[in-house]
Amino acid sequence: QVQLVESGGGLVQAGGSLRLSCAASGRTFGGPAMGWFRQAPGKEREFVGTITWSGGSTFYADSVKGRFSISKDNAKNTVYLQMDSLKPEDTAVYYCAGYGSSGTLLSPQSYTIWGQGTQVTVSS
């Protein structure tokens, strides 16, 4: 069984940077893509971005486009979320997830495996 483990969260000042990692353990995740989502207190889980395993194609939410970037290391079965120019409104628990086989990449319902989440707090 595949498990996803996020790391790299923490407290950072506005304008700063953080890099989150998501490592898949157990066995190689067979889905075509990995996604990053976030959830702030009292809000729904929100799509951040996604990357395909094979071609490395990425897609981002408008709210993070130009500030966040997703990359991958197939050999390590790890996906990264580089977050730059962080804003207080980026504060949330960040989750990585493995896409299943159907549905839109933007919807949490399309993802079948989730990590435990890592807290990111951006102070003003």
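What you see below is based on every heavy atom in this structure, not just the backbone, and it leaves out hydrogens, waters and symmetry mates.
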>> Between Thr118 and Leu20, is the side chain to side chain contact (heavy atoms under 4.5 Å, CB included) condition met? List the steps.
In response: CA-CA 8 Å; Thr118 185; Leu20 307 183; 4.0 Å; yes

> Do the side-chain N and O atoms of Thr91 and Glu89 include a donor-acceptor pair separated by under 3.5 angstrom?
Replying inline: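 No, no side-chain donor-acceptor pair sits under 3.5 Å.
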
Heavy atoms only: give me the nearest [X]-[Y] pair and the separation to one decimal.
X	Y	answer
Gly55	Thr52	N-OG1, 3.7 Å
Pro88	Ser124	CG-CB, 3.8 Å
Gly100	Pro32	O-CD, 3.3 Å
Ser54	Lys72	O-NZ, 4.4 Å
Ala24	Val2	CB-CG1, 4.1 Å
Ile70	Gly49	CD1-C, 3.3 Å

>> Let's go through Ser17 and Met83 carefully: what are the C-alpha distance in whole Å and the side-chain angles of both, what is the deciding distance for side chain to side chain contact (heavy atoms under 4.5 Å, CB included) to 0.1 Å, and is it a yes or a no?
In response: CA-CA 5 Å; Ser17 298; Met83 305 184 294; over 6 Å; no

Say you draw a straight line from [atom1] of [X] to [atom2] of [Y]; how long is it, rounded to the nearest 0.5 Å?
X	Y	atom1	atom2	value
Trp53	Asn74	CH2	CG	5.5 Å
Phe68	Thr58	CZ	OG1	14.0 Å
Leu81	Ser69	CG	OG	7.5 Å
Leu11	Ser123	CG	OG	5.0 Å
Ser85	Arg67	OG	CZ	7.0 Å
Trp114	Leu4	CH2	CG	10.0 Å

>> Just so I know, are the side chains of Phe59 and Leu106 near enough to count as touching, which here means a heavy-atom distance under 4.5 Å?
In response: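 They are in side-chain contact.
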
Under 3.5 Å, is there a donor-acceptor pair between the side chain of [X] and the main chain of [Y]?
X	Y	value
Glu6	Cys96	yes
Asn77	Ala23	no
Ser110	Thr104	yes

> Quick check: are there more than 12 heavy atoms from other residues, nucleotides or ligands sitting under 6.0 Å from NZ of Lys76?
Replying inline: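 Incorrect, the count does not exceed 12.
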
>> Checking Thr78 against Asp73 for the side-chain hydrogen bond (donor to acceptor under 3.5 Å, both in side chains) test, could you report, in this order, the C-alpha distance in whole Å, the side-chain angles of both residues, the deciding distance, and whether it holds?
In response: CA-CA 5 Å; Thr78 298; Asp73 185 331; over 6 Å; no

>> For residues Tyr80 and Met34: do they belong to one hydrophobic cluster (side chain heavy atoms under 4.5 Å, members Ile, Leu, Val, Met, Phe, Trp, Tyr)?
In response: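 No, Tyr80 does not connect to Met34 through the hydrophobic network.
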
>> Name the residue from Trp36, Tyr95, Tyr99 that meets the ring pair (Phe, Tyr, Trp, His ring centres under 6.0 Å) definition with Tyr111.
In response: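 Checked Trp36, Tyr95, Tyr99 against Tyr111; only one passes ring pair (Phe, Tyr, Trp, His ring centres under 6.0 Å): Tyr99.
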
Under 3.5 Å, which donor-acceptor pairs do the side chains of residues 37-45 form with other protein atoms, sequence neighbours left out?
from: Arg38; atom 1: NE; to: Glu46; atom 2: OE1; distance (Å): 2.8
from: Arg38; atom 1: NH1; to: Asp90; atom 2: OD1; distance (Å): 2.9
from: Arg38; atom 1: NH1; to: Tyr94; atom 2: OH; distance (Å): 2.9
from: Gln39; atom 1: OE1; to: Arg45; atom 2: NE; distance (Å): 3.2
from: Gln39; atom 1: OE1; to: Arg45; atom 2: NH2; distance (Å): 3.2
from: Gln39; atom 1: NE2; to: Lys43; atom 2: O; distance (Å): 3.1

